[in-house]
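Right, one structure below, let's go through it.
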Amino acid sequence: MIFEFSQRLKKLPPYLFAEIDRMKRELRSRGKELIDLGVGDPDQPTPPHIIEALSRAARDPSTHNYALDFGMTELREAIADWYRRRFGVELDPATEILPLLGAKEGIAHLPLAFVNPGEVVLVPNPGYPVYLSGTIFAGGLPVSMGLLEKNGFLPDFSGIPEETADRTRLMFLNYPNNPTAAVCDPGFFEEAASFAAQHQIILCHDAAYTELAYDGFSPSSFLQAPGAKEVGIEFHSLSKTYNMTGWRVGFAVGNEEVIRGLSKVKSNIDSGIFRAVQFAAIAALKGPQDFRLELLETYRRRRDILVDGLNSLGWKVAKPRATFYVWCRTPEGYDSASFATLLLEETGIVTTPGVGLGSYGEGYVRISLTRPEEELAEAVERLKTLKIFR
Ligand SMILES: *Cc1c(COP(=O)(O)O)cnc(C)c1O
């Protein structure tokens, strides 16, 4: 029997990391010690008090049933408190907050609630791949907003044709940005909110990295912009903030109608977040935050080792003010795939070729700071041996 994939599956862009994955496996099987700076997954464990909260809650049988309540009231209140403290934004826990099985889940499902076949979704390119796949699954038409270095990796709304903007239902933004590590100022969010209002676009801001910033910089929330709540929502994740990628918990906040649409889709697909995980999320949001200073210090030291090291080799790499990514231009004569392949073959360093995250990522590789200082220092040492930088 031949079971053909659906059109929507066939429409997904090709998976561009297959060759890198194959080479990783082969080099590992030959005993080569790889330094994997490809994945965006924290290497540090979840803090003990959060694990404690999960264990305690898991032993209580009242957490064992379906959690069909769009998130426990206590969790929604903890999110509202966190938002007020962190951003000074007021949210109604009953209508403006929706806990998710990770931000990815909400991002993937949102287009199903609001996008009809053929309607446009504006997606940042390069970008987190789920904006694109979620759009395609809903039958929407993804239109790239190129993130160019000369624009500080911000989309240029004035470059979007009127007729495209008027056919647009949804727009995704993400600052601090994966993969470019770019940040934006509050003025950009104001501009985005007014563009969205003008064209009746639902604006979805992915705020997965607002809590990972350095040198005293504190990223803003999209919802701090005037009128933001009228046009959109913001996705947050506990994954990167609290080292909880495996736990699958995040949330969406903002516009009541948008939240209602997303929760309606979800109620037909999942049956809630394990309540013990919700208790753990409450512990994360309400508990001690001082370990986070240490975590940020760890990433900052790693960033300095890597970026200072690369620049001492003659690379021209900017120090990111947020995220745990370094976005590097490829040298003369290499595109992102051939450079990533060269790095892997010659030095055993795994990076993410920018083109794998969108056509506008061509000419760059993404390096993650999710490995210990010794490994990043070792990576710089290995790069010294690369002839092309001599
Ligand atoms: C890691 C990441 C997410 C995923 O968050 P989860 O809560 O783990 O699903 C979402 N958006 C971006 C840009 C990310 O890098």
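First listed ligand is number 1; within each ligand, the first listed atom is number 1.
Shown here are the side-chain contact (heavy atoms from CB on, under 4.5 Å) partners of Ala192, two or more places apart in sequence or in another chain: Phe157, Leu173, Leu203. In this structure Ala80 satisfies the side-chain contact (heavy atoms from CB on, under 4.5 Å) test together with Pro93, Ile97, sequence neighbours excluded.
Other cluster members for Tyr360: Leu148, joined by side-chain heavy-atom distances under 4.5 Å among Ile, Leu, Val, Met, Phe, Trp and Tyr.
Protein residues with any heavy atom under 4.0 Å from ligand 1: Gly102, Ala103, Lys104, Tyr128, Tyr131, Asn174, Asn178, Asp206, Ala208, Tyr209, Ser237, Ser239, Lys240, Arg248.
Cation-pi check for Arg8 over Phe137 is not met; the charged atom does not lie both under 6.0 angstrom from the ring centroid and within 45 degrees of its normal.
Just one residue in the list Val249, Leu295, Leu285 forms a side-chain contact (heavy atoms from CB on, under 4.5 Å) with Tyr242, and that residue is Leu285.
Ring orientation note: the planes of Tyr83 and Phe87 are tilted relative to one another, at an angle of 30° to 60°.
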